[in-house]
Amino acid sequence: MEFLCVDFEFSVKRAFGSPRAWFPEIIEVGGVRVSAEGELGLERYGAFVKPRFWPRLGPDCYGITGIRQEDVDQGVSLEDALPRLKDLAPAPDTWLVAWGDADRRILGHVCEQYGLEYPYLWENYCDLAESYKNFAQLERTASLKTAVTEMKVEQVGILHSALDDAVNAALVMQKMLAQGWSAERASLIPESGKKKAGGHRGV
């Protein structure tokens with residue numbers, strides 16, 4: 001079993017003036033491979049992504065994600081970013097791991113809107129926030145920042161940086177694996193669930 005810990009940052013809807021057809025687009029990607037034993041790969045990938053349908057970011061986007069208009073203007077296309085992520089863990093049965101379920105849902109919806117093939121097995125997804133809640137016997141899901149603190153992980157970089165968040169999630173998973181946790185699939189969302197793009201998830 002091989003894992004690819006990812007994090008996607010999404011565009012944020014304008015409070016006023018957003019088109020009715022608006023949906024969140026991926027504006028930053030980050031990923032790191034993790035072995036079944038919890039070893040993090042040395043090769044990692046992070047990049048800003050230029051949104052296709054609504055290239056102008058809303059005024060609240062920087063406050064939430066720290067991503068500026070000039071960052072995405074100079075970013076790569078999603079068509080370029082996804083193969084680079086997949087190259088980190090090319091096995092066809094690689095499990096995608098992220099903190100929460102929004103990453104899979106929005107990636108699926110964006111791929112559909114862009115006319116791209118979803119690059120992973122839909123069912124091979126681990127919602128690490130839900131897994132951590134069960135692992136730590138919590139009543140509700142914790143933020144990634146809380147899990148980093150509770151697991152005594154030395155935080156890498158800053159929150160809401162896609163690559164840093166992916167690495168920090170991978171380090172939390174590494175500690176969980178060392179303490180006997182085993183990966184579990186997220187609650188299986190049907191293929192139609194890919195059409196339901198949610199809002200920005202907190203970390």
State, with a plain yes or no, whether a side-chain heavy atom of Leu128 is found less than 4.5 Å away from one of Met176.
yes
For Lys50, look at atom NZ and say whether over 12 heavy atoms of other residues, nucleotides or ligands are found less than 6.0 Å away.
no
Does a sphere of radius 6.0 Å around CZ in Arg52 hold more than 12 heavy atoms from other residues, nucleotides or ligands, not counting ones at 6.0 Å or beyond?
yes
Crowding at CD, Glu154 (>12 non-hydrogen neighbours, <6.0 Å)
no
Tracing side-chain contacts under 4.5 Å among Ile, Leu, Val, Met, Phe, Trp and Tyr outward from Leu42 reaches none
Just say parallel, tilted or perpendicular for the rings of Tyr120 and Tyr118, cut-offs at 30° and 60°.
perpendicular
What are the two closest non-hydrogen atoms of Ala162 and Gly30, and how far apart are they?
CB-N, 3.6 Å
Worked check of side chain to side chain contact (heavy atoms under 4.5 Å, CB included) between Val72 and Ser11
CA-CA 10 Å; Val72 297; Ser11 55; over 6 Å; no
When you compare the side chain of Leu88 with that of Glu43, does any pair of heavy atoms fall below 4.5 Å?
yes
Roughly how far apart are Lys133 NZ and Glu139 CD, rounded to 0.5 Å?
9.5 Å
Looking at residues at least two apart in the chain, or sitting in another chain, which of them share a side chain to side chain contact (heavy atoms under 4.5 Å, CB included) with Ala147?
Trp99, Tyr132, Val172
What is the distance from atom CG of Asp7 to atom CG of Leu144, rounded to the nearest 0.5 Å?
8.0 Å
Just wondering, do Cys126 and Phe3 contact through their side chains at under 4.5 Å, heavy atoms?
no
Return yes if some donor-acceptor pair links the side-chain N/O of Gln155 with the main-chain N/O of Val148 below 3.5 Å, else return no.
no
Would you please name every residue forming a salt bridge (charged side-chain N to carboxylate O under 4.0 Å, His left out) with Glu39, sequence neighbours left out?
none
With side chain to side chain contact (heavy atoms under 4.5 Å, CB included) as the criterion, how do Phe10 and Ile26 come out once you've worked through the C-alpha distance, each side chain's angles and the decisive distance to 0.1 Å?
CA-CA 5 Å; Phe10 316 124; Ile26 293 171; 4.2 Å; yes
Taking atom CD of Glu117 as the centre, report whether more than 12 heavy atoms of other residues, nucleotides or ligands fall under 6.0 Å from it.
no
Minimum side-chain heavy-atom gap Asp103-Tyr125 below 4.5 Å:
yes
List in chain and number order the residues that pass side chain to side chain contact (heavy atoms under 4.5 Å, CB included) with Asp73, two or more places apart in sequence or in another chain; answer none if no residue qualifies.
Arg56, Gln69
Applying side chain to side chain contact (heavy atoms under 4.5 Å, CB included) to Lys13 and not counting sequence neighbours gives Ser18, Trp22
Taking a hydrophobic cluster as the set of Ile, Leu, Val, Met, Phe, Trp and Tyr residues connected by side-chain heavy atoms closer than 4.5 Å, whether directly or through intermediates, do Tyr62 and Val29 fall within one such cluster?
no
Between Leu40 and Gln174, does a side chain to side chain contact (heavy atoms under 4.5 Å, CB included) hold up when you go through it step by step?
CA-CA 8 Å; Leu40 275 65; Gln174 183 183 65; 3.7 Å; yes
With hydrophobic residues grouped by side-chain heavy-atom distances under 4.5 Å, do Trp95 and Leu121 end up in a single group?
no
Can you confirm whether Cys111 sits close enough to Leu82 that some side-chain heavy atom of one is under 4.5 Å from a side-chain heavy atom of the other?
yes
Determine whether Ile106 and Phe8 make a side-chain contact, defined as any pair of heavy atoms from C-beta on separated by less than 4.5 Å.
no
The reported gap from CG in Asn168 to CE in Met151 (rounded to nearest 0.5 angstrom) is 13.0 Å
Kindly indicate, with the supporting measurements, whether the criterion side chain to side chain contact (heavy atoms under 4.5 Å, CB included) is fulfilled by Asp71 and Glu28.
CA-CA 9 Å; Asp71 294 328; Glu28 189 183 11; over 6 Å; no
Looking at Ser77 and Val49, what are the two nearest heavy atoms and their distance?
C-CG1, 4.1 Å
Gap between atom CD1 of Ile27 and atom CG of Leu78 - 0.5 Å precision:
12.0 Å
For Leu159 and Asp165, the nearest pair of non-hydrogen atoms, with its separation, is CA-OD1, 3.6 Å
Flag side-chain contact, heavy atom, 4.5 Å: Trp181 against Lys175:
no
Within the distance-only criterion (no hydrogens, no angle test), does the side chain of Thr94 pair as donor or acceptor with the backbone N or O of Pro90 below 3.5 angstrom?
no
Can you tell if the side chain of Ile67 reaches within under 4.5 Å of the side chain of Phe48, non-hydrogen atoms only?
yes
What are the two closest heavy atoms between Val156 and Asp164, and how far apart are they?
O-CB, 3.6 Å
Looking only at heavy atoms, the pair that brings Val76 and Ala81 closest together is CG2-CB, 3.9 Å
Could you list the residues that satisfy ring pair (Phe, Tyr, Trp, His ring centres under 6.0 Å) with Phe53, not counting sequence neighbours?
Phe23, Tyr114
I need the minimum non-hydrogen distance between Arg14 and Pro59, along with the two atoms involved.
NH1-CD, 3.5 Å
